[in-house]
Amino acid sequence: MNEKPKKPQKLKARLPRGFVDRSAADIRAVNEMLAKIEEVYERYGFDPVETPLFEYTDALGKFLPDSDRPNEGVFSLTDDDDQWMSLRYDLTAPLARHVAENFNEIQLPYRTYRAGYVFRNEKPGPGRFRQFMQFDADTVGAAGVQADAEMCMMMADTMEALGIARGDYVIRVNNRKVLDGVLEAIGLGGDEHANARLTVLRAIDKLDKFGPEGVRLLLGEGRKDESGDFTKGAGLNDEQIRKILFFVGITDYAKSADELADLVAGTSRGGEGVEELNTIRSLVLSAGYEADRIKIDPSVVRGLEYYTGPVFEAELQFAVTNEKGEKVVFGSVGGGGRYDGLVSRFMGQPVPATGFSIGVSRLMTALKNLGKLGTDDLIAPVVVCVMDRDIESMGRYQRFVQELRHSGIRAEMYQGNKKNFGDQLKYADRRSSPLAIIQGGDERASGVVQIKDLIEGKRLSGEIQDNVAWREARVAQVSVPETDLVEKVREMLAAQAEDRTRAN
């Protein structure tokens with residue numbers, strides 16, 4: 001007896017964890033946001049550049065291959081010549097490679113910006129994705145901190161170009177040299193204390209999350225969280241902890257600058273860092289950027305791996321409701337700093353650089369919370385219905401839709417298989433189309449088209465109770481000569497826009 005052939009198993013449609021599909025609304029919102037950011041960067045004299053998604057793995061800096069498969073933090077594969085390649089982890093390391101590879105052709109200082117996706121081979125979670133977009137701006141070949149000051153001013157201007165009001169954002173600035181000086185001043189200088197310094201810096205980075213007392217515990221013996229899990233601390237003594245908490249607790253830099261200078265006096269880098277912070281402060285104040293926009297803030301800790309001087313962070317100050325229903329400050333939407341060592345890895349000579357990276361998805365979420373993005377919804381296309389399917393009729397419908405498009409009006413000819421007129425109107429309604437264009441045999445003989453106002457039609461359908469009243473309220477559908485189609489469509493779309501404005 002022959003066995004019945006097994007039905008082939010249907011392929012399951014599923015996304016890899018940590019990746020998302022993007023909707024039309026999100027794509028348009030991002031494009032709107034990127035255009036505003038780009039306009040600011042262009043005004044500052046920056047030019048675009050694009051690097052590929054893949055780089056040789058050894059070009060990615062801290063993610064050098066240390067095993068048979070270098071996939072710690074990055075997605076990697078081997079090329080046909082057995083060299084490891086990885087999807088880019090950020091946009092900075094690829095830029096460093098690009099500058100080094102084209103150093104003789106690039107005009108220094110090199111001022112450039114780029115937007116693109118980056119990839120993290122990490123465990124995904126709520127709000128944590130393996131693919132996300134960044135928008136960076138960098139200046140390569142400028143050693144003076146005036147380049148860092150300009151970067152901070154450009155970020156402040158970018159926040160305002162996106163509609164974020166003063167008081168709702170601040171650009172916070174610190175300097176890795178000052179951090180290094182403080183750590184040296186408390187006895188944590190030298191290579192032998194590298195791990196201890198890293199523990200201290202990670203503790204400081206938790207200031208916003210745990211507050212001064214939580215950081216105090218992390219700097220000392222350690223901290224137990226609400227679940228009972230214990231995090232071992234840096235093991236510092238009370239005097240060391242006091243100095244670090246003083247440093248990160250500075251809220252008025254002008255009043256505390258002298259004390260900070262005394263704290264790092266005699267260290268190899270601390271005094272230089274304080275001087276650079278003072279210079280940045282002077283430059284931004286001279287340009288009209290007060291502390292409510294750009295603020296010296298020693299609690300900023302970024303890029304423990306490759307930042308070498310000033311570091312800065314764009315932080316949003318307004319409150320939002322988190323997934324637990326709690327009101328929290330939105331926080332950081334981007335950051336950057338000076339990274340004088342990245343290009344030098346390829347060159348064998350010093351090449352100064354500074355830059356800033358915006359987290360596009362996070363910033364888009366913030367702008368939506370403020371109602372600053374996607375408020376001007378794109379109007380759906382006008383739908384030209386297909387009443388007759390002979391070649392002459394189809395040609396007329398195609399002519400109508402092209403006339404609308406060439407006049408700057410979004411339009412489409414119905415391309416489905418449904419011949420029933422009602423089904424075509426249902427399709428237009430599901431598309432949220434504002435108007436439907438209708439021409440059957442009678443209209444064609446008279447040289448006219450019917451324009452159905454689908455927005456007005458939906459409103460009237462809720463008000464009119466019988467067919468007599470419906471026929472008397474035909475304002476939702478008008479008949480015009482073919483030659484007046486474009487003009488009448490424009491008029492009706494303008495009336496709908498006015499209705500939306502009044503409703504808002």
(request) Take atom CG of Asn31 as the centre, draw a 6.0 Å sphere, and report whether it contains more than 12 heavy atoms from other residues, nucleotides or ligands. (result) yes
(message) Using side-chain heavy atoms (C-beta onward) and a distance below 4.5 Å, is Ile294 in contact with Met153?
(response) yes
(request) Determine the minimum heavy-atom distance between Ile244 and Val200, stating which atoms define it. (result) CD1-CG1, 3.6 Å
(message) My understanding is that only residues two or more places apart in sequence, or in another chain, count here; which of them pass ring pair (Phe, Tyr, Trp, His ring centres under 6.0 Å) with Tyr169?
(response) none
(request) Supply the atom-to-atom distance Leu183 CG to Phe247 CZ, rounded to the nearest 0.5 angstrom. (result) 8.0 Å
(request) Taking atom CD of Glu160 as the centre, report whether more than 12 heavy atoms of other residues, nucleotides or ligands fall under 6.0 Å from it. (result) yes
(message) By the definition side chain to side chain contact (heavy atoms under 4.5 Å, CB included), identify the one residue from Arg114, Glu38, Met33 that meets it with Phe135.
(response) Glu38
(request) Using a cut-off of 6.0 Å, state whether more than 12 heavy atoms not belonging to Gln107 lie near its atom CD. (result) no
(request) Kindly compute the distance separating CG (Asp297) from CD1 (Ile171), expressed to the nearest 0.5 Å. (result) 12.0 Å
(request) Tell me yes or no: between the side chains of Glu42 and Tyr113, is some donor less than 3.5 Å from an acceptor? (result) yes
(message) With a 4.0 Å cut-off on N to O distance, would you call Arg338 and Asp340 a salt bridge?
(response) yes
(message) Salt bridge check, Arg405 against Glu412: does any charged N sit closer than 4.0 Å to a carboxylate O?
(response) no
(request) Identify, with sequence neighbours excluded, every residue that meets salt bridge (charged side-chain N to carboxylate O under 4.0 Å, His left out) alongside Asp180. (result) Arg176, Arg269
(message) Return the CZ to CG distance between Arg88 and Leu95, rounded to the nearest 0.5 Å.
(response) 11.5 Å
(request) Say whether Asp138 and Thr112, considering side chains only, have a donor N or O and an acceptor N or O under 3.5 Å apart. (result) no
(request) Can you sort out the partners of Glu275 under salt bridge (charged side-chain N to carboxylate O under 4.0 Å, His left out), two or more places apart, ordered by chain and number? (result) none
(message) I'd like to check the ring pair (Phe, Tyr, Trp, His ring centres under 6.0 Å) partners of Tyr414; sequence neighbours left out, ordered by chain and number.
(response) Tyr427
(request) Please round to the nearest 0.5 Å and tell me the distance separating atom CE of Met133 and atom OH of Tyr117. (result) 4.0 Å
(message) Between Val40 and Lys36, is there a side-chain heavy-atom distance shorter than 4.5 Å?
(response) no
(request) Would you sort out whether Phe312 and Phe356 count as a ring-ring contact (aromatic ring centres under 6.0 Å, His included), showing the intermediate values? (result) CA-CA 8 Å; Phe312 19 88; Phe356 202 102; 5.7 Å; yes
(request) Among Lys206, Arg223, Lys224, find the residue that satisfies the side chain to side chain contact (heavy atoms under 4.5 Å, CB included) test when tested with Leu217. (result) Arg223
(request) Please say whether more than 12 non-hydrogen atoms of neighbouring residues, nucleotides or ligands are located less than 6.0 Å from CG in Asn195. (result) no
(message) Using modelled atom types and a 3.5 Å cut-off, is there a donor and acceptor pairing between side-chain atoms of Asp225 and backbone atoms of Asp229?
(response) yes
(message) Using a strict threshold of under 4.0 Å (side-chain N to carboxylate O), is an ion pair present between Glu39 and Arg43?
(response) yes
(message) Under a 3.5 Å threshold, yes or no: a donor from one side chain and an acceptor from the other, between Asn175 and Glu276?
(response) yes
(message) Closer than 4.0 angstrom, basic N to acidic O: yes or no for Glu150 and Arg111?
(response) yes
(request) For residues Asp157 and Tyr44, determine if any side-chain heavy atom of one lies less than 4.5 Å from a side-chain heavy atom of the other. (result) yes
(message) Could you tell me if Tyr89 and Asn121 have a donor-acceptor pair between their side chains, going purely by distance under 3.5 Å?
(response) no
(request) Would you mind checking if Asp90 and Arg120 are paired as a salt bridge, meaning a charged N to carboxylate O distance below 4.0 Å? (result) no
(request) Ignoring hydrogens and angles, state whether a donor on the side chain of Asp47 or Tyr110 is under 3.5 Å from an acceptor on the partner side chain. (result) no
(message) Can you tell whether the side chains of Glu55 and Arg97 come within less than 4.0 Å, N to carboxylate O?
(response) yes
(message) Looking at Ser433 and Pro381, would you say the former's side chain and the latter's main chain have a donor-acceptor pair under 3.5 Å?
(response) yes
(message) Show me the pairs that pass side chain to side chain donor-acceptor pair (under 3.5 Å) and involve residues 355-364, at least two apart or across chains.
(response) Asp136-Ser357
(request) Applying ring pair (Phe, Tyr, Trp, His ring centres under 6.0 Å), name anything that partners Phe330, two or more places apart in sequence or on another chain. (result) Phe318
(message) side chain to side chain contact (heavy atoms under 4.5 Å, CB included) for Asp292 and Val170? Distances and angles first, verdict last.
(response) CA-CA 6 Å; Asp292 63 336; Val170 66; over 6 Å; no
